[in-house]
Amino acid sequence: MQERIEQNALELLQAIREHHPDIYAGAWVNPYTAALEAGLDPDSTHYRVAMEYLQAEDVLEEAEESRELGGGGPLYTITLRGMEMLREV
């Protein structure tokens, strides 16, 4: 089961990179929209668990400032750890 969670998290991370091609550590990203564009279901349990995994692994952090902006789901910042994971994908 853990392997499947990690695979879903990597798929989501790839979708984020495709949605944000000029990504860098500290950049705001929108995983929800990235998932939609990649054909992943952002309203699924798989997405929710993958997001929990990415946050627990310090790959994504919710951008508190983005709550004021509203729009399509909360924004996150990608961490240095996230950039390292992207290089591995």
Side-chain angles (χ1 to χ4, degrees):
M1 177 137 178
Q2 183 67 24
E3 192 173 302
R4 185 68 194 145
I5 292 170
E6 291 173 6
Q7 182 61 37
N8 288 340
L10 289 176
E11 287 174 12
L12 180 54
L13 204 53
Q14 285 178 302
I16 290 169
R17 178 174 48 194
E18 290 171 15
H19 184 70
H20 301 279
D22 298 326
I23 197 167
Y24 57 89
W28 283 6
V29 296
N30 188 328
Y32 188 92
T33 303
L36 273 176
E37 289 182 2
L40 306 173
D41 181 2
D43 295 314
S44 70
T45 302
H46 294 294
Y47 172 84
R48 184 180 50 76
V49 172
M51 283 297 297
E52 288 171 0
Y53 175 84
L54 291 173
Q55 290 176 76
E57 291 294 313
D58 194 33
V59 173
L60 296 176
E61 295 176 349
E62 190 167 355
E64 297 293 326
E65 314 92 279
S66 74
R67 291 183 186 181
E68 301 166 11
L69 300 175
L75 296 178
Y76 292 80
T77 55
I78 189 156
T79 65
L80 285 172
R81 168 92 175 104
M83 293 305 296
E84 290 169 6
M85 280 186 75
L86 276 174
R87 282 192 277 279
E88 296 169 10
V89 178

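From a predicted model like this one, the values you see are computed outputs, not experimental measurements.
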Listed partners of H46 passing side chain to side chain donor-acceptor pair (under 3.5 Å), at least two apart:
N8
Could you tabulate the donor-acceptor pairs under 3.5 Å formed by side-chain atoms of residues 47-55, not counting sequence neighbours?
residue	atom	partner	partner atom	Å
Y47	OH	Y32	N	3.2
R48	NH1	E52	OE2	3.0
Q55	NE2	M51	O	3.3

Does E3 have more than 12 heavy atoms from other residues, nucleotides or ligands lying within 6.0 Å of its CD?
no
Taken in chain and number order and not counting sequence neighbours, the residues that satisfy side-chain contact (heavy atoms from CB on, under 4.5 Å) with D22 are none
Among residues two or more places apart or on two chains, list those pairs meeting side-chain hydrogen bond (donor to acceptor under 3.5 Å, both in side chains) that have a residue in residues 12-21.
H19-E37
Write down the atom of P74, the atom of P31, and the distance for their closest heavy-atom approach.
O-CD, 4.2 Å
Can you tell me how far CG of L75 sits from OG1 of T33, rounded to the nearest 0.5 angstrom?
8.0 Å
Checking the side chain of S44 only, and the main-chain atoms of D41 only, is there a donor and an acceptor separated by less than 3.5 Å?
yes
I23 side, atom CD1; I78 side, atom CD1 - distance, nearest 0.5 Å:
3.5 Å
Decide yes or no on side chain to side chain contact (heavy atoms under 4.5 Å, CB included) for L60 and T77, but give the supporting numbers first.
CA-CA 6 Å; L60 296 176; T77 55; over 6 Å; no
Without placing hydrogens or testing angles, list every side-chain donor-acceptor pair under 3.5 Å for residues 82-89, not counting sequence neighbours.
none

Do any N or O atoms from the side chain of T79 and from the backbone of D58 form a donor-acceptor pair under 3.5 angstrom?
yes
Taking a hydrophobic cluster as the set of Ile, Leu, Val, Met, Phe, Trp and Tyr residues connected by side-chain heavy atoms closer than 4.5 Å, whether directly or through intermediates, do L80 and L13 fall within one such cluster?
no
